Each structure stands twice: as structure tokens, then as C-alpha cells.
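Below: one structure, written as C-alpha cells.
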Protein chains: 2
Amino acid sequence: MGTKDEMIKAEVLAQAQKLFRHYGLTKTTMEDIAKAAGKGKSTLYYYYKSKEEIYKEVVMGEMNETFSFLKEAVEAAETAEDKLRAYSLTKFRVLQEKVNLYTVICGDIESNFQLMMELHKNYESQELQLVKAILDLGQERGEFPGIINANTDQLAFTMVCAGRGLQMGLVFNNNFVDLDSRIDLMSRILMYGLKGENPAQK
Amino acid sequence: MGTKDEMIKAEVLAQAQKLFRHYGLTKTTMEDIAKAAGKGKSTLYYYYKSKEEIYKEVVMGEMNETFSFLKEAVEAAETAEDKLRAYSLTKFRVLQEKVNLYTVICGDIESNFQLMMELHKNYESQELQLVKAILDLGQERGEFPGIINANTDQLAFTMVCAGRGLQMGLVFNNNFVDLDSRIDLMSRILMYGLKGENPAQK
DNA sequence: TTTTTGACTAAAAACGTTTTGCAGTCCGAA
DNA sequence: TTCGGACTGCAAAACGTTTTTAGTCAAAAA
């Protein structure tokens with residue numbers, strides 16, 4: 001009965017997600033999840049190997065959602081330029097949404113640093129690939145004469161890191177004012193930079 | 001006898017700095033500092049109000065040093081473009097050094113988050129001003145037609161945040177390879193972006 | 001008078017023990 | 001096959017005790 005099985009798993013996950021958002025990893029007990037899902041605690045272990053597995057699944061779901069938004073937006077765009085713009089725009093939009101949801105995560109990160117790092121690393125490498133692909137495309141199509149012969153790996157790393165720093169800044173200062181115009185400005189600068197002529201002029 | 005007074009204070013600070021670098025804030029005791037400075041513990045309280053004051057002074061000294069390097073490099077440059085380039089180059093150079101010096105910092109930051117934030121905030125606002133000043137100058141001199149009418153406050157914020165994100169990435173991955181070429185590439189992109197023509201072409 | 005210090009205190013950290021809360025198991029029921 | 005409740009073991013909280021350490025003070029030294 002694969003279908004029913006899947007449905008229960010999904011329900012458990014959905015409830016767990018709700019609870020994790022409110023209370024974080026440690027403060028959410030397996031009993032809480034079981035109750036919310038209308039099941040007994042041990043039933044959860046029929047579907048999932050451990051609490052950590054549930055948590056991982058929830059967080060990865062969240063990340064995958066984010067990433068698929070990103071990917072979708074990127075794929076919808078035609079030129080590398082538009083892709084890059086769509087990437088940054090979507091990224092910050094999604095962040096803005098998620099920030100409101102996950103109030104607790106920060107505490108979670110502190111107390112479970114290892115796990116979060118593991119998950120994050122995986123996610124970041126996906127994003128790195130995405131950005132690198134865009135840059136490579138742009139380079140291939142000659143959209144970015146400014147970075148001819150540049151190491152797109154490094155550039156992608158730089159851009160992703162910078163993006164994260166900016167995200168942190170925004171979250172920390174709760175400084176989401178004028179987000180759109182700011183993103184626009186930033187991507188304009190980035191775009192012109194990528195498109196700029198080769199450094200003949202000193 | 002202001003001079004002798006100053007000398008002793010400086011000596012205490014120097015010893016404290018050495019110890020903090022090795023052992024961090026909590027693992028360094030006032031007795032350690034006193035012994036290293038060749039004084040009795042209570043003597044320290046004749047010169048400093050508290051351990052925290054000593055620590056603050058040390059960290060602020062470190063930050064001021066960093067900042068004065070930055071400022072010096074920026075002032076030495078002529079054009080806003082060169083200033084900006086000098087800024088990023090120096091910033092990462094200094095970071096690289098400090099990272100080697102301070103082996104403990106991560107643990108310290110975790111256990112004394114509040115204090116570090118306070119100090120960092122102060123420092124960051126200085127840096128924000130510096131960057132903004134460069135941008136304003138560039139705008140004024142017409143070096144940056146790409147950002148005409150742009151909000152340089154926001155742009156400075158963005159750049160400083162992005163820089164910090166990149167720093168984090170570098171430190172975390174211990175990824176200082178090709179630092180120079182990477183900085184060069186990034187600042188080239190940034191420069192062309194700032195200089196780019198106004199967005200007439202879509 | 002200015003500097004320095006050893007003796008003191010109060011508060012916090014470290015340590016060892018007990019208790020408890022919860023993840024995860026097992027067995028039996030449906 | 002699906003589930004729940006009782007059970008186990010472990011890891012973290014709670015608690016009391018001891019040690020360490022930041023900070024004070026009054027008195028000695030310079």
C-alpha cells in the first residue's frame with residue numbers, strides 16, 4: 001500500500017515541520033509530533049528511522065523548495081543576464097518569506113551546529129553549481145566579455161558567499177526596506193561588471 | 001607621571017593581547033596577565049576598571065589597527081576606483097594575517113556573543129562610512145556613472161555585508177588560495193559595474 | 001601622594017552525583 | 001501490515017559541593 005504509506009509519511013512530515021518552526025529541533029519531542037499527526041509515538045519509528053531523519057527531511061524539504069523556486073526562476077529566463085537577475089531576486093524573496101516562518105532556527109543552529117552544517121553544505125554546493133552554470137552559459141554565449149578566461153568556479157563561490165553575507169546583514173538588521181530597489185541596484189552593478197570590456201584601460 | 005603610567009598600561013595591554021590570542025577571553029585569568037606583566041593582580045585594577053575593559057581595549061586596538069591600515073591604503077589611492085580596489089585588497093590581506101594570529105576566536109565569540117557584537121557593530125559602522133565616502137567621492141567626480149542617483153548608503157551596506165560574507169566563506173573553508181587573483185576579478189567586476197553606462201539597453 | 005600588594009569576599013565555574021525526560025525498542029493487539 | 005503502550009538506556013537537567021577567579025580594600029612600600 002505504497003500510496004497510503006506515502007500519505008502518512010507526508011502528514012507526519014507536515015506536522016513535524018509546523019512544530020519545528022514553532023519550537024525548534026530540541027524542544028519538539030517525538031510525542032509532540034505523534035500527537036499532532038494523530039498517531040502513537042512508536043508509529044513514527046515505523047515510518048522514520050529517527051528524529052534526526054525527520055528533521056533532516058523537513059529541512060531538506062525546505063531547502064529543496066527554495067532551490068526549486070530558484071531553479072524555476074532561472075530556467076524561465078532566457079539570457080544569462082536575466083537568469084542571474086532572476087536568481088538574486090528570487091533568492092531574497094524566498095528568504096524574506098522563510099525568515100518570518102523560522103524564528104527559532106537560530107537557537108537550533110547553535111545547539112546543533114554539526115548537523116546544520118552538514119545540511120547547509122549540501123545545499124550550498126547545489127547553489128554553487130547553479131550559479132556556475134549561469135556564469136558558464138554567459139561566458140559561452142559571449143554575454144560576459146568582462147570575465148573572459150576567468151575562473152567561473154571561484155567567481156561563483158565569491159558570489160554565493162557574498163549573497164549569504166548580504167542575507168545575514170539583512171536578517172540581522174531586519175533591514176528589508178527597499179529590498180527591491182537594492183537588489184536591482186546590486187544586480188545592475190554586477191551585470192555591468194560582467195559585461196564590461198576587458199581591462200585595457202588600466 | 002603620565003608617561004610611566006602610559007607605559008605600564010601599554011605593557012599590560014601587550015601582555016594581555018598575547019595571552020588572549022593564545023587562550024581566548026575566558027581562559028585567560030587576571031593573574032595570568034598580572035604575572036606576564038610582572039605585577040600583582042590587584043595592580044591591574046589600579047590601571048583598568050575590569051577584565052572586560054582590558055579585553056575591549058585589546059580588541060578595539062586590533063580593530064583600529066585594521067581600520068587604520070584600511071584608511072591608509074584608501075587615502076594613498078587617488079581615484080575612487082583605486083581607493084575601492086585598495087580597500088578590498090587590504091581588507092583581505094589583514095584578515096588573512098589576523099586569522100593566523102587568533103586561533104581561539106571562534107570559541108570566544110560563541111561564549112561572549114553579546115560583547116563581540118557590541119564591538120563589531122562599532123567597527124562596522126566605521127567601515128560603512130569609509131566605503132560610503134569612497135562611493136560618494138566616485139559619484140561626485142563622475143567616476144561611477146553606473147550609480148548615478150543611487151543610494152550610496154544602501155550600496156555601501158550591501159558591499160560591506162557581501163565582503164563579510166566572503167570573508168566568512170574564506171575563513172570557514174580555509175580557502176585562501178588564489179586570493180589575489182580572486183580579489184582582482186571581483187573588484188574588476190565591481191568597478192565595471194560602477195562605471196557602466198545607465199541602463200538604457202534593457 | 002602615588003603605586004603596589006596580600007588578604008578577603010562574593011560570584012561564577014568546575015565537578016560529582018542524582019533525577020528526570022525523552023529517543024528509541026519490544027511485544028502484543030488488531 | 002499497522003499500531004499503541006509499556007519498557008530501557010542514555011544523555012541532559014537539577015542539585016549540592018568545592019574550587020577558581022574577578023573584583024575590593026586597607027595597609028605597606030616607594
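Computed from a predicted model, the values in this text were never measured in an experiment. In what follows, chains carry the letters A, B, and so on, assigned in the order in which the sequence lines appear, proteins first and then strands, with residues in each chain numbered from 1.
Closest to the side chain of B/Lys51, from the set C/dG24, D/dT2, D/dA22, is D/dA22.
When heavy atoms are screened at a 4.0 angstrom cut-off, A/Ser50 is found touching the sugar-phosphate backbone but no base atom. At a threshold of 4.0 angstrom between heavy atoms, the contacts of B/Tyr47 are confined to the sugar-phosphate backbone, with no base atom among them.
B/Lys41 contributes a side-chain N or O that forms a donor-acceptor pair with the base of D/dG23 under 3.5 Å.
Close to C/dT4, at under 4.0 Å from its OP1 or OP2, lies no side-chain N or O of B/Ser42. For D/dG4, neither phosphate oxygen OP1 nor OP2 lies less than 4.0 angstrom from any side-chain nitrogen or oxygen of A/Tyr45. When the side-chain nitrogen and oxygen atoms of B/Thr43 are compared with OP1 and OP2 of C/dT5, one or more of them lie within a distance under 4.0 Å. In this model, the phosphate group of C/dT4 is not approached by any side-chain N or O of B/Tyr46 to a distance below 4.0 Å at OP1 or OP2.
Using a 4.5 Å cut-off on side-chain heavy atoms (C-beta onward), A/Leu179 and A/Leu170 make contact. Between B/Met30 and B/Tyr45, the closest side-chain pair of non-hydrogen atoms falls below 4.5 Å.
Taking atom NZ on A/Lys35 and atom C1' on D/dC3, their separation rounds to 16 Å, with Å as the unit. If you measure from atom CG of B/Leu44 to atom C1' of D/dT21, you get 13 Å, rounded to the nearest angstrom. In this structure, B/Glu11 places its CD atom 12 Å from P of C/dT4, rounding to the nearest Å. In this structure, CD1 of B/Ile54 is placed 14 Å from C1' of D/dT21, rounded to the nearest angstrom. Following rounding to the nearest Å, B/Tyr48 (OH) and D/dT24 (P) show an atom-to-atom distance of 17 Å. When the P atom of C/dA23 is taken as reference, atom CG of A/Leu19 falls 12 Å away, rounded to whole Å.
Residues A/Ser181 and A/Asp184 bring no donor and acceptor atom of their side chains to less than 3.5 Å of each other.
Only one option out of B/Arg164, B/Lys132, B/Lys91 pairs with B/Glu127 in a side-chain hydrogen bond (donor to acceptor under 3.5 Å, both in side chains); it is B/Lys91.
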